[in-house]
Amino acid sequence: MQGEWDGELVGPDVWETCRELIPAGSVFAFLAEHREVLFPGSMFADMYPSANGRPSLPPQVLAAAVVLQSLHGLSDFDTVQELRCDLRWKAACGLGLYDTAFDPSLLTYFRRRLQRSSDPNRLFTKVKEVVAATGVLKGKRRRALDSTVLDDAVATQDTVTQLVAAIRRVIRDVPGAERIATAWCTAHDYTDPGKPRIAWNDEAARAALVDALVTDALNLLGRLPERQLDEKAADAVGLLALVAGQDVEVADGSDGRDGRWRIARGTVYDRVVSTVDPEARHIHKNRTRHQEGFRAHGAFEPETGLLTEVELTVGSGPENHEAAIAQTLLADEAEDLTVLGDTAYGTGDLRKALEADGHTLVIKPPPLRPAVPGGFTADDFHVNTTAGTVTCPAGHTVPLGRPDPNGARTAQFKKRCDTCPLREMCTRSKTGRAFQVHAHYDRLKAARQGAADPDWQAEYRRWRPPVERAMAWLVARGNRRVPYRGVLKNNTWLHNRAAALNPAD
């Protein structure tokens, strides 16, 4: 049952009596002044569908506390301590001077209700509406896009730990699995909470253990009874199948049919890094920076530094790429924006979509990489997409082939390269240069030419750097690491943090 705010305070009203002690323009003052407008009781009615039971603490108080908690990166216990002892927190949440706050578990229950509701990001949405109503964004037609990687909240697990944990989970959650494991899983005592006991500095022993664990996993998966599984059991089976295949490959000398396995060389794409949080991923932010966790995306108004939209996603997969999420970040914006972004947002598909929406693009085009270091780039070729031809730097013209499923076409120069004096600057292929023309070739080439314009460069250099500062604020104060497990909880946390950062700006 939803509790209602009755206006009664325990002790003097902190905001009324201590207003001059609370910094003007701070998020505490903003919440104290606008809390009732930001978070009216009706806003949370769907989260408390039953009229029965003991009334909850008024959700306005919990909502304000959760926003401040996300801003400062505090635990539930420390958040309640601030509410008891800090005048700023009391004023922001509407508590009286002598109010001892509430049990920390109420914050957990409130976040859970919020995350499972039809609109888990409502706190951010409401703050954004109030900020917009102030007129601070009026006439500001620029939006800058950026992303950052957030570390996960769990320890990265090695292959052995993941296999053991995933097998234990199937034994625990799937009916009948314990009996099968007792008969067929012999690599380790899965009732033992520790890791297998082997000589870990012995490479042969480690290889034998991995081989045996994968065999156990396959034996368990292959002998489970065919029955309808509930969600918990199905998740356990799916995770074991994923873990058993992502880090291993057939052993040397194996034909793949004799059941011999070893740890795969390199890191598999889209790798699950922990069975504790299967949604965390191994992420390549760039060629040198690798992390495990999630990806946070943001759209900013660069002059004020205000966040207009945020989103947290799994860290890998084309559907979670910056260019794929950009349209979601700008979905509620009006036409005629100037959109700024780095090369991650420079794809042809995104450019086409944003241009169709009437936006002006100041997005850095991806750099051209020659096939031969120091050699010719794509712009040294003359491409006529209308006529369907490509002319190389040596003057040879060849037709473009048929489009592939992605719309790209290829011009094959083949034997024309055999006697070409420019070959060493063009290709190292023994069969001659194959020149691929992207489906958005003309659009991308126009973007490269536009980026050379001094006015374009001045716009980019003036307004792109502020987004780096705004992204730094988003992860400041220890918030580079997410506090929870899974996309849903952490996406709600990111929106709540952004809700707190906007008034704080």
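Numbers for residues simply follow the sequence, beginning at 1.
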Open item on the list: Minimum heavy-atom separation for L31 and A64, please, with both atom names.
Closed with: CD1-O, 4.2 Å
Open item on the list: Taking the basic N atoms (NZ, or NE/NH1/NH2) and the acidic carboxylate oxygens, is any pair closer than 4.0 Å for D418 and R423?
Closed with: yes
TODO: Using a 4.5 Å cut-off on heavy atoms from C-beta on, say whether the side chain of F39 contacts that of V67.
DONE: yes
- [ ] Could you verify whether a donor N or O on one side chain and an acceptor N or O on the other, from D76 and T79, lie under 3.5 Å apart?
- [x] no
Open item on the list: Whether the side chain of R497 engages the backbone of S70 through a donor-acceptor N/O pair (distance < 3.5 Å, no angle test) should be reported.
Closed with: yes
TODO: Report, as yes or no, whether the 6.0 Å neighbourhood of atom NZ on K128 holds more than 12 heavy atoms from other residues, nucleotides or ligands.
DONE: yes
TODO: Would you tell me whether Q2 and S56 have side-chain atoms, one donor and one acceptor, within less than 3.5 Å of each other?
DONE: no
Open item on the list: If we ignore hydrogens and angles and just use 3.5 Å, is the side chain of Q412 paired with the main-chain N or O of K414 as donor and acceptor?
Closed with: no
Open item on the list: Less than 4.5 Å apart, side chain to side chain, heavy atoms only: is that true for R481 and L150?
Closed with: no
Task: pair M425-V372: side-chain heavy atoms closer than 4.5 Å - done: no
Task: Sub-4.5 Å side-chain heavy-atom contact between Y460 and D342 - done: yes
Open item on the list: Looking at every heavy atom in both P318 and A324, which two are closest together, and how far apart are they?
Closed with: O-CB, 3.4 Å
Task: SB check R141 D336 (cutoff 4.0 Å) - done: no
Task: Atom CD of E231 with >12 non-hydrogen neighbours under 6.0 angstrom - done: no
TODO: Could you tell me the separation between the CD atom of E309 and the CZ atom of F300, rounded to the nearest 0.5 Å?
DONE: 11.0 Å
Open item on the list: Looking at R295 and E322, is any side-chain nitrogen of the basic one under 4.0 Å from a carboxylate oxygen of the acidic one?
Closed with: yes
Open item on the list: Can you tell me how far apart CZ (R409) and CG (L400) are? Round to the nearest 0.5 Å.
Closed with: 4.5 Å
Open item on the list: When you measure from the side chain of D404 to the backbone of A408, do you find a donor-acceptor pair of N or O atoms at a distance under 3.5 Å?
Closed with: yes
Task: L68 and L83: CA distance, side-chain angles, deciding distance, side chain to side chain contact (heavy atoms under 4.5 Å, CB included) verdict - done: CA-CA 10 Å; L68 291 174; L83 283 167; 5.8 Å; no
TODO: Show your working on side chain to side chain contact (heavy atoms under 4.5 Å, CB included) between Q60 and E36 and close with a plain yes or no.
DONE: CA-CA 7 Å; Q60 301 96 313; E36 292 301 314; 4.1 Å; yes
TODO: Kindly indicate whether a cation-pi arrangement holds for R88 with F28, taking the cut-offs as under 6.0 Å to the six-membered ring centre and within 45° of the axis.
DONE: yes
- [ ] Look at the side chain of D453 and the backbone N and O of G450, then say whether any donor-acceptor pair between them is shorter than 3.5 Å.
- [x] no
Open item on the list: Using every non-hydrogen atom in the two residues, find where E311 and H495 come nearest and quote the distance to one decimal.
Closed with: OE1-CE1, 3.9 Å
Task: Y109 side chain reached by L57 side chain, heavy atoms, under 4.5 Å - done: no
Task: Modelled atom types, side-chain donor and acceptor of R111 and Q69, under 3.5 Å - done: yes
- [ ] Answer yes or no: is there a side-chain heavy-atom contact under 4.5 Å between I363 and L354?
- [x] yes
Open item on the list: Taking E468 first and then R464, would you say they form a salt bridge - that is, a charged N and a carboxylate O separated by under 4.0 Å?
Closed with: yes
Task: Interatomic distance, N320 atom CG to L312 atom CG [nearest 0.5 angstrom] - done: 9.5 Å
Open item on the list: Ignoring hydrogens and geometry beyond distance, is a side-chain donor-acceptor pair present between R485 and S274 at under 3.5 Å?
Closed with: no
Task: Check: V487 main-chain N/O paired with E279 side-chain donor or acceptor under 3.5 Å - done: yes
Task: Donor-acceptor contact below 3.5 Å, side chain Y345 vs main chain D146 - done: yes
Task: W463 CH2 to L340 CG distance, which is reported to the nearest 0.5 Å - done: 9.5 Å
TODO: Would you please say whether a donor-acceptor pair under 3.5 Å links the side chains of S429 and T427?
DONE: no
- [ ] Check the side chains of T385 and D442 for a donor-acceptor pair under 3.5 angstrom, ignoring hydrogens and angles.
- [x] yes
- [ ] Go through the steps to decide whether F381 and F435 satisfy the test ring-ring contact (aromatic ring centres under 6.0 Å, His included), and finish with yes or no.
- [x] CA-CA 9 Å; F381 289 72; F435 185 88; 4.4 Å; yes
Open item on the list: A side-chain contact here means heavy atoms from C-beta on lying under 4.5 Å apart; do V482 and D151 qualify?
Closed with: no
Open item on the list: Rounded at 0.5 Å granularity, tell me how far NZ in K140 sits from OG1 in T338.
Closed with: 14.0 Å
Task: Close side-chain approach of L62 and L107, heavy atoms under 4.5 Å - done: yes
- [ ] Apply salt bridge (charged side-chain N to carboxylate O under 4.0 Å, His left out) to E459 and R142, showing your working.
- [x] CA-CA 11 Å; E459 176 82 1; R142 295 183 182 88; 2.8 Å; yes
TODO: Using a strict cut-off of less than 4.0 Å between a Lys/Arg side-chain nitrogen and an Asp/Glu carboxylate oxygen, indicate whether R84 and D99 qualify as a salt bridge.
DONE: no
Task: N121 versus T492, closest heavy-atom pair with distance - done: OD1-CA, 3.7 Å
Task: Set of residues satisfying side-chain hydrogen bond (donor to acceptor under 3.5 Å, both in side chains) with respect to D119, sequence neighbours excluded - done: none
Open item on the list: With side chain to side chain contact (heavy atoms under 4.5 Å, CB included) as the criterion, how do D152 and N490 come out once you've worked through the C-alpha distance, each side chain's angles and the decisive distance to 0.1 Å?
Closed with: CA-CA 10 Å; D152 55 35; N490 286 315; over 6 Å; no
TODO: Given side chain to side chain contact (heavy atoms under 4.5 Å, CB included), test E82 with L74 step by step and report yes or no.
DONE: CA-CA 10 Å; E82 294 290 349; L74 300 179; 3.7 Å; yes
Task: Pairing of E355 and K352 as salt bridge, 4.0 angstrom limit - done: no
Open item on the list: Is a donor from one side chain sitting under 3.5 angstrom from an acceptor on the other, for Q162 and T159?
Closed with: no
- [ ] Please answer whether the main-chain N or O of M47 pairs with a side-chain N or O of R113 as donor and acceptor at a distance below 3.5 Å.
- [x] yes
- [ ] Mind listing the closest non-hydrogen atom pair of V37 and K126 along with its distance?
- [x] O-CE, 3.2 Å
Open item on the list: Which heavy atom of A498 sits nearest to which heavy atom of L307, and what is that distance?
Closed with: CB-CD1, 3.7 Å
Open item on the list: Can you tell whether the side chains of R122 and D46 come within less than 4.0 Å, N to carboxylate O?
Closed with: yes
TODO: Mark yes or no for whether T410, through its side chain, and G401, through its backbone, hold a donor-acceptor pair below 3.5 Å.
DONE: no
- [ ] Ignoring hydrogens and angles, tell me if any N or O in the side chain of D357 forms a donor-acceptor pair with the backbone of H359 under 3.5 Å.
- [x] no
Open item on the list: With a 4.0 Å cut-off on N to O distance, would you call R281 and E292 a salt bridge?
Closed with: no
Open item on the list: Is the ring pair H438/H440 parallel, tilted or perpendicular, if the boundaries are 30 and 60 degrees?
Closed with: tilted
Task: Side-chain (T347) to main-chain (L350) donor-acceptor, under 3.5 angstrom - done: yes
TODO: State, without any angle test, whether H396 and T391 hold a side-chain donor-acceptor pair at a distance under 3.5 Å.
DONE: no
Task: CG on L444 to CZ on R351, rounded to 0.5 Å - done: 6.5 Å
